[in-house]
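Written out below as structure tokens is the structure these notes cover.
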Amino acid sequence: MQARLHKLHQLREQSNDPFVVEKFECDYGLQAAHDQFESLEGQTIRVAGRIFSVRNMGKACFIHLMDASGKLQIYLRKDEMGDAYDQIDLWDIGDFLGAQGFLFRTKTGEITLHAQQTQLLSKSVRPIPFPKEKGEQRWYGLHDIEQRYRQRYLDLLTNPDSRQVLIARSRIIAETRRFLEGEGFLEVETPMLQPMAGGAAARPFKTRLNALDMDMQLRISLELYLKRLLVGGIDRVFEIGRVFRNEGISTRHNPEFTLLELYQAYANLEDMMSLVERLFLHVAERVFGTTRFEFGETIIDFSQPWTRLDLVEAVQERTGLTPDQFETLESARKAADSVGLASEKRDSPGIILEKLLEKFVEPTLIQPTFVTGYPLDTSPFAKIIADRPNFTRRFEGYLLGREMSNAFSELNDPLEQRERFERQSELRQLGDEEAHPYDEDFIHSMEYGMPPTGGLGIGMDRMVMLLTGAASIRDVILFPLARNAD
RNA sequence: GAACCGGUAGCUCAGUCGGUAGAGCAACGGACUUUUAAUCCGUAGGUCGAGGGUUCGAGCCCCUCCCGGUUCACCA
């Protein structure tokens, strides 16, 4: 770094300060110049990029430039550039260089810009750990996982795979929007700062609004404000937004993550299943050009319908426990114990059923599967199943053993919603920190009339993980949360 | 929160039994007019995550702490 600062000083003394440059007209991106060689050969063009590698031969020099699109080799000769050639000594890997010259093919066949004029456009005063590469092989470079997360810019600059994930994420979300717009949905933005975070079971982040002298929370879901829009006559609505949950960090959990929620009036649970199937198919085809994805030996084909599975039946199939064993709390706890699952006193039969699902069924749901019929206790916003009042018209979608989506035929009865909130309040008093808070304003809105509605939530980070094959959620979040590095 | 693994030069890593801290790349000086992991000659570069302990002597053994990773727990 000392050497680089000294070079910058020398450049400034020669009135070649790269940091005064504001603009450099480029005719082509580096990849475009390379790809259009046939038509551009011999023409004078201007390109720019970051110096990726330098091979100085004394009186001739080869430099690879890199930009967002790709790389291009530059060829420089001392006999053509004269004294300006000595400037090369003041350039470093990582600097930005603009070059004007004509395209030709070297004797080893590489398309190269024979530069006649160059201009240093910016300087990197800190060395960049670019890898060495030959064809597809790479050596050295930045591998340290901690540094890749904390200094993501270096990761993006030096690891093409990271760049690919970033691009895939952007395109997956863009295609999700395009699909939903095509289905007639309107995209909205609702508050992140809320007096009372609701719509899911999770501990919120707490903060303070000085202007109104109010305690506030960061949202944990999008649900309750989007539903207010249903009351407001917006029949098809969605939001893709950041939510915050003050909970554990793992390969599948980041305290802030991106959630898609959508609501469709006059639609039910089966419509939501269809929507999930069509959304994954659309994104797979548009972003990756295929419906078939390989994960090790597993092949998932998004052109196939997802499997439907009833929660109680699935638990029975995996554990042998029968539905009648969950009629009372006592027998449910005994049943859980018999298959090695510890339960707590405040658990209800429904919560125990769901724990059994997580432990015994979820890991086996490799192919796309909708699990339906979730217990009432854990589903305060879903309609009940007519002839099974302890279960709801809800599904969760699973892929590769991971929860991917969550949907209901939405409860739209304000009287029952009020009772559900009351039940949650009781749970809260029993010590369940994640029981849903009582939201009077939400009930109030529902009392004006909410249409029958299908609602769906998808964790976008997990969707990106799945489609890009990322092992950790940190790989699909640009700047994942990290402890202070002091 | 627990267990296990890791932290050594700018980067990637090695470091044997506890005995003078190493390599490649990058950097710096020199040679080289079609190279491409350029090559060749030379130079420099370190609080071995931090602190304490054992020892004649610690990168290595012991303790505490910090940071990261993985798995588990937690997270409908």
Base-pairing mate for B:rG29 - Watson-Crick or G-U, with both contacts under 3.5 Å | B:rC41

Touch class at under 4.0 angstrom, heavy-atom based, for A:E358 against every strand present | sugar-phosphate

Atom CG of A:L142 to atom P of B:rG68: distance rounded to whole Å?
-> 16 Å

Which part of the nucleic acid does A:S250 contact within heavy-atom distance under 4.0 Å: base, sugar-phosphate only, or nothing?
-> nothing

Indicate, with yes or no, if the rings of A:Y398 and A:W306 have centres closer together than 6.0 Å.
-> no

Find the distance A:H253:NE2 to B:rC72:C1' and express it as a whole number of Å.
-> 13 Å

Length of the line joining A:E362:CD and B:rC72:P, which is rounded to integer Å | 13 Å

Taking CH2 from A:W139 and P from B:rA37, how many angstroms apart are they, rounded to a whole number?
-> 7 Å

Could you check whether A:A3 gets within reach of a base, just the sugar-phosphate, or nothing at all, counting any heavy atom under 4.0 Å?
-> sugar-phosphate

Kindly state whether the ring of A:Y75 and the ring of A:F62 have centres lying under 6.0 angstrom apart.
-> yes

Atom CG of A:D83: over 12 foreign heavy atoms under 6.0 Å = no

Taking for each residue the nucleotide of RNA chain B with the nearest heavy atom, is it A:H114 or A:E354 whose nucleotide lies nearer the 5' end?
-> A:H114

So what's B:rG6 paired with, Watson-Crick or G-U wobble, going by both distances under 3.5 Å?
-> B:rC67

How many Å lie between CD1 on A:I473 and C1' on B:rG69, as a whole number?
-> 16 Å

In whole angstrom, give me the gap between the P atoms of B:rG18 and B:rC61.
-> 8 Å

Counting only Watson-Crick or G-U wobble pairs whose two distances fall under 3.5 Å, which nucleotide matches B:rC56?
-> B:rG19

NA contact type, A:D377, heavy-atom cut-off 4.0 Å: base, sugar-phosphate, or nothing?
-> nothing

So, do A:Y140 and B:rC25 meet the stacking rule of ring centres under 5.5 Å and planes under 30°?
-> no

Among A:R55, A:K71, A:E133, A:R50, the one residue meeting side chain to side chain donor-acceptor pair (under 3.5 Å) with A:H64 | A:R55

What is the nucleic acid contact for A:N406, judged by heavy atoms within less than 4.0 Å: base, sugar-phosphate only, or nothing?
-> nothing

Same-atom distance (C1') from B:rG45 to B:rC11, integer angstrom = 13 Å

So, does the side chain of A:E110 form a donor-acceptor pair with the base of B:rU34 at under 3.5 Å?
-> no

